[in-house]
Amino acid sequence: MKLSDTESEFTKIEKKWQRRWAKDKIFEADPDPSRPKFFLTVPYPYTNGALHIGHGRTYTVGDLIARYKRMRGYNVLFPMASHMTGTPILGMVERIKAGDKKAIEQYKRDLRLYLDTEEEVDAQLAKFTDPWTTAKFFANAISADFKALGYSIDWRRKFTTGDKEYNQFVSWQYHKFKDKGYLKQGDYPLLYCPNCGNPVGEDDLLEGATAKIKEFTAIKFGFKDGYMVPATLRPETIFGVTNMWINPKATYVWARVNGEKWLISEVAAEKLKLQAKEVEILEKFPGSRVVGEKFTAIHDETIELPILPADFVDPNNATGVVYSVPAHAPFDYIALRDLWEDPSSLEEYGISAEEVRGIKMISMIDIEGYSEYPAKDAVEKRNIKSQDDAEALEDATQEIYKAEFYGGIMKDNCGQFSGRPIKDVKDDVVAWMKSINRCDVFYEPDQRPVVCKCGTDVQVGVFAGQWFLDYLAPGWKDLARKALDEMAIVPELFRNLFEATFDWLTQRPCARKRGIGTRLPFDPDWIIESLSDSTIYMAYYTISHKIRVHKIKPKQLTLSFFDYVFLGKGKPETVSEETGIDPAILKDLRGEFLYWYPNDQRHTAPSHITNHLSFAIFHHVAIFPKKHWLKCISLNEHVIMEGRKMSKSKGNVIPLVEIPRKYGADVYRTYVISAAEPASLMDWRERDVPAVRNRLRRFMEIMNKYSRKEPRIYRKKDKPSMATRWLLSRVNSIVQECTTDLDTFKLRDYAINSMTEMIRIINNYLRRKDVPKAEREGTMAYVCDLWVRLVAPMTPHISEEFWSKMKRDGYVSLAPWPKANKRLIDSDIERAFDVVTATISDIREILGLLKDQHPHHAHVYVAPQWKFDAMDAIRKADVPLIAGNLMKVVMSNPEFKRYGKDVQALVKKIVKANGLWPHATNAREELEVLRSSAGYIQDELGVEIIVHSADSPDYDPQNKARFALPGRVSIFLE
RNA sequence: GCGGAGGUUGCCAAGCCAGGUCAAAGGCGCCAGACUUAGGAUCUGGUCUUGUAGAAGUUCGCGAGUUCAAAUCUCGCCCUCCGCACCA
């Protein structure tokens, strides 16, 4: 696709102003103690491909805030960088190298967005053999996209997370965690592909993408000179064990597991090897060999129980050994029942019918609504006949599991756990077994199949020595909560999710074995995970440009360098000795950090709350003093397309790069701001875009016509028309509302007020023929001056164009935000005008109902003053709206008594309307407004308007005058 | 399962926290009129139901409740979306 093919009508203006902004460096922000600062960040994009309109929403909102704050007089720093650490880029590059057709096609699609010919695309793709080239290409491409959308970014501070200098910064951060004791090492289970030898994430899976890891308790029942080891989700049921189940046809092993002898299935032994256990197979044999033998119970080793055969036991599931609790497990119950009924199959194992019939179910959990043997109840309720009815049995198992977990109590045959609720006791049973070395953990994926892209079955691997950030470390969470409490979250409704996340955070692996990133300084086998290298990096923006300017080398960026610059520790002279950096430069960097920090606002999408944003808060409180904690997090939801999720595979993704040339940056920006409030999902609807574009055209049309006239404010003494007074009032009200909207993050209201509503009132004003030309032009020029600045954060390019046409100094991007002139806001006029509008619609409605008649005159009767007074009296009294109450209020004033019946009618009306309605301040004003608007009403309706006072109507053949109410004139048409 | 957010008039989407000015903003779509050679654009009006006098009736997931008054507050129910950890 040629870039020049599809230029939008706005492209020329947009490019022109982007060039000038860059030339005059107006968004490059340096410390300036004379001005208040505002430091805004939006997370850097991940540069492994083209961005789409969804990303654009967040960056556009960020830019809108930056531009607004700039106009409010802040020294705004809005920087950007690019993210390339982690696995995605690496993964893609590997897939391209491997000749993966899908991956290549996907990259080609993205490249075609930026390159003109297929040859160029192929040539570029050929260079994508290392992640750096890829990341750099897209980082540059995305920067260009951002510039083309008019984002007011200070590009001098750009860096990538792969930079050596940045790695030094991340290293420093992790040294701090280590010093605080927040870093721990331990075992950690992950989905793992034995063939690739790597952990697998969602993107690496062919099947089972939603798989999670399930933790079983492996219980070591005494058997011969070792243990027989079933794995269970219900360890508390060991008190109800009656026998063991073994699949006689499957292969079992005696294996040495961490020095102990375990009997498990052969498959399970292989799995244990991946789970950080030392496993040596001692002997292989069919399950049938141990059937009929005895093992001992955990809670009482004098109890010997038999091992029985069962076909339902799957050697591939867990350890392939199952202990039987027939009273509480439907599978166990039915298998045992089958043997009771037909013990003949046991003969070959030397187990007699008497022996098996002698096995008694052991009830160990009390639960309301069930008999002694809940498993039996559940099976009978479903009328389950055989072990083969797996679905019904699964259902029964779920029922009992839930019922017992939430409502079950351990019976008094459960030793020290007797009498306690199941849901509380579970962990304690495990802890107790652990203390006597009778249990271990065994992991399985919670679903099957789970298949790696290489075609291999995925298993659970346990990484020994995995590094964690321990969010439970003493004091850390409390500090983070404190920071959250003091921080602004906008929209506020997202705070709940932060709080829930804080509650739920425990430990989190923070390093891994593959991907791009910073090596853990004290254990270089590990690479710091990319989410936790992106948490306090806002601080890095404050100095990144100067590191480059001063050509400071990575090895000079030592721990004491960062300690000094970010924490003020040490003396510049000492640090200079160590690093070789001039003390003056060090002081300057420290000054820059102190000027900009803290980060005043971080804007991003709520999907990051449960990870990156929460970590950002935790990491800030861990490293920085309170005055440098984050001040505010603002969020906007993501974007869907025509009511559907966007996804590359569906092909319903609009790349961000196409936006400026297809629609125009200002059109897109306006669309994005006005389509939905930040807290809600935005639905991109192609057919709504032209409507936005047309509004901008109308804006330009009006600006073209009036912006270059001589502005003049018509004050009361100039005796302007009512319409002009109304427009001046409305426009200034809107300026006020827009300011509030932006301050309270009601961005959609801002867009509607500043664009749609402004156009509406201006259209209305321009229709009024009673305004003298000079007055109209002067007033409109004044309005244009306010308007062009009001919309500048949203439509910066168009605004800039008119700002220069209006011969204003400098850039509108740096112009002061319009200030509402409160003296021009006249709520009386606005209310009075509403009466005119209401009168027009009333007459229109009546005209619509009069099908065959065509009246030429409309007699309008304005309510008498006493009715206004009566309404005011009620308003002031502020009593419940019951007719009696209201009557009392009005009648308490003797003046109203003489209107008896009419008062009653008025009160009835108010009760019916369930409240008071707006009207002019008094009868005189209402009369005046209507009289002065008679010509306008006439133009609108095509009938002659005669306004009367209801007190003394000149003409009232149908006695309509007495129905007139404040704000609701009475009308007679003829 | 646990946690979070929601369900508004054809569609999208405000309003709900601080109950009355709410038949409920704004946009899209649709209908009509003006302008125009025509189309597009623009401007104006209409768009829950009924109505030849400005009115009345029925609505904001469902069902109860609180209140003079509920889309808004309380309780119960139904349904939808999102997150749940190595994935940025």
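Numbers restart at 1 for each chain; the letters A, B, ... are given by sequence-line order, proteins then strands.
- In this structure, A:Ile843 reaches neither bases nor backbone, as no heavy-atom distance under 4.0 Å exists between it and the strands shown.
- With hydrogens and angles ignored, no donor-acceptor pair closer than 3.5 Å exists between the side chain of A:Thr610 and the base of B:G3.
- Nucleotides B:A69 and B:G15 have their P atoms positioned 26 Å apart, rounded to a whole Å.
- In this structure, A:Glu642 atom CD and B:G29 atom P are separated by 12 Å, rounded to whole Å.
- The aromatic rings of A:Tyr188 and A:Phe468 sit perpendicular to each other, their planes meeting at more than 60°, with 30° as the lower class boundary.
- Across all strands shown, A:Lys645 has heavy atoms under 4.0 Å from sugar-phosphate atoms exclusively, and none from any base.
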Handout entry: Residues A:Asp828, A:Arg831; criterion salt bridge (Lys or Arg N to Asp or Glu O under 4.0 Å); working and verdict
Key = CA-CA 5 Å; A:Asp828 291 348; A:Arg831 269 204 308 274; 3.0 Å; yes

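- Using a 4.0 Å heavy-atom cutoff across all strands shown, A:Leu497 reaches sugar-phosphate atoms only and no base atom.
- B:A70 and B:U59 have their P atoms separated by 12 Å, with the value rounded to a whole Å.
- Using a 4.0 Å heavy-atom cutoff across all strands shown, A:Asn611 reaches at least one base atom of the nucleic acid.
- Checked against B:C86, B:A53, B:A25, the side chain of A:Leu850 finds its nearest nucleotide in B:A53.
- A:Tyr861 contributes no side-chain N or O that, together with a main-chain N or O of A:Leu965, makes up a donor-acceptor pair within less than 3.5 Å.
- A:Arg512 comes within 4.0 angstrom of the backbone, heavy atoms only, and of no base.
- Along RNA chain B, the nucleotide nearest to A:Glu757 and the one nearest to A:Arg693 differ in position, and the one closer to the 5' end is contacted by A:Glu757.
- B:G83 atom P lies 20 Å from atom CG of A:Asp503, rounded to whole Å.
- Between B:C87, B:G4, B:G27, one nucleotide has an atom nearer to the side chain of A:Pro88 than all others, and that is B:C87.
- In this structure, A:Lys746 reaches the B:G15 phosphate: one of its side-chain N or O atoms is under 4.0 Å from OP1 or OP2.
- Heavy-atom neighbours of A:Lys513 NZ from other residues, nucleotides or ligands within 6.0 Å: above the threshold of 12.
- Nucleic acid contact class of A:Arg968 (heavy atoms, under 4.0 Å, all strands): none.
- Distance, A:Asp395 CG to B:G1 P: 14 Å, rounded to whole Å.
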Exercise for the section: Output, in order, the C-alpha distance, side-chain angles, deciding distance and verdict of ring-ring contact (aromatic ring centres under 6.0 Å, His included) for A:Tyr537 and A:Tyr44. Expected result: CA-CA 10 Å; A:Tyr537 72 92; A:Tyr44 37 41; 4.0 Å; yes

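- Residue A:Arg748 places no side-chain N or O under 4.0 Å from the OP1 or OP2 atom of B:G26.
- Residue A:Val200 is in sugar-phosphate contact alone, with no base atom involved, counting any heavy-atom pair closer than 4.0 Å across all strands shown.
- Separating the C1' atom of B:C75 from that of B:G83 is a span of 28 Å, rounded to the nearest Å.
- In a base pair of the Watson-Crick type (N1 to N3 plus N6-O4 or O6-N4) or a G-U wobble (N1-O2 and O6-N3), with each distance short of 3.5 Å, B:C84 is matched with B:G1.
- Each of B:C12, B:G1, B:U42 was ranked by its minimum atom distance to the side chain of A:Arg698; first place goes to B:U42.
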Practice task
Given ring-ring contact (aromatic ring centres under 6.0 Å, His included), test A:Phe618 with A:Phe502 step by step and report yes or no.
Solution key: CA-CA 9 Å; A:Phe618 272 85; A:Phe502 280 26; 4.9 Å; yes

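- Comparing B:A85, B:A53, B:A88 by their closest approach to the side chain of A:Thr506 singles out B:A85.
- Using a 4.0 Å heavy-atom cutoff across all strands shown, A:Ser674 reaches no nucleic acid atom at all.
- Using a 4.0 Å heavy-atom criterion, one finds that A:Glu701 contacts no nucleic acid atom at all.
- Distance from the side chain of A:Thr87 is smallest for B:A88 among the nucleotides B:A53, B:A88, B:C68.
- The nucleotide B:A41 finds no pairing partner, because no Watson-Crick or G-U wobble arrangement with both distances shorter than 3.5 Å includes it.
- Pair assignment for B:A55 gives B:U50, based on Watson-Crick or G-U wobble hydrogen-bonding distances that are each under 3.5 Å.
- Remark: the separation of the C1' atoms in B:A34 and B:G19 is 43 Å, to the nearest Å.
- With B:A88, B:C28, B:C12 as the candidates, the nucleotide lying closest to the side chain of A:Asp683 is B:C12.
- Comparing the P positions of B:C11 and B:U58 gives an interatomic distance of 23 Å, to the nearest angstrom.
- Within 4.0 Å (heavy atoms only), A:Asn914 reaches at least one base atom of the nucleic acid.
- A 4.5 Å side-chain heavy-atom check between A:Arg844 and A:Glu940 finds at least one atom pair inside the cut-off.
- Atom C1' of B:A24 sits at a distance of 26 Å from the matching atom of B:C43, rounded to the whole Å.
- The residue among A:Ile882 and A:Asp749 whose nearest nucleotide of RNA chain B lies closer to the 5′ end is A:Asp749.
- Backbone-only contact: A:Leu681 has heavy atoms under 4.0 Å from sugar-phosphate atoms and none from a base.
- As judged by a 4.0 angstrom heavy-atom cut-off over every strand, A:Arg831 is placed among residues making no nucleic acid contact.
- Distance from the side chain of A:Lys212 is smallest to B:C84 among B:C84, B:C86, B:G27.
- Note on A:Phe972: a base of the nucleic acid sits closer than 4.0 angstrom, heavy atoms only.
- B:U72 and B:G20 have their C1' atoms separated by 11 Å, with the value rounded to a whole Å.
- Rounding to whole angstrom units, CD1 of residue A:Ile528 and P of B:A88 are separated by 15 Å.
- Side-chain proximity of A:Arg685 to B:G54, B:C12, B:C87: nearest is B:C12.
- Using a 4.0 Å heavy-atom cutoff across all strands shown, A:His83 reaches sugar-phosphate atoms only and no base atom.
- Here B:A25 sits opposite no nucleotide as a Watson-Crick or G-U wobble pair (both hydrogen-bonding atom distances under 3.5 Å).
- Between A:His608 and A:His612, the angle of the ring planes goes over 60°, which puts this pair in the perpendicular group of the 30/60° scheme.
- Remark: B:G76 base-pairs with B:C62. Criterion, Watson-Crick or G-U wobble with two distances under 3.5 Å.
- Between the C1' atom of B:C22 and the NZ atom of A:Lys912 lies a distance of 18 Å, rounded to the nearest Å.
- Taking atom C1' on both B:C16 and B:A5, the two are 15 Å apart, rounded to the nearest angstrom.
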Practice task
Please test A:Arg512 against A:Glu529 for salt bridge (Lys or Arg N to Asp or Glu O under 4.0 Å), starting from the C-alpha separation and ending with a verdict.
Solution key: CA-CA 6 Å; A:Arg512 49 170 107 143; A:Glu529 183 269 330; 3.7 Å; yes

Exercise for the section: Could you go through the ring-ring contact (aromatic ring centres under 6.0 Å, His included) check for A:Tyr471 and A:Phe615 one step at a time? Expected result: CA-CA 9 Å; A:Tyr471 292 115; A:Phe615 303 155; 5.6 Å; yes

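- Figure legend. B:A70 is base-paired to no nucleotide; pairs are counted as Watson-Crick or G-U wobble with both atom distances under 3.5 Å.
- Here B:G45 is the nucleotide among B:A88, B:G45, B:G29 with the atom lying nearest to any side-chain atom of A:Arg844.
- In the set B:A88, B:C84, B:C12, B:C84 carries the atom at the smallest distance from any side-chain atom of A:Trp504.
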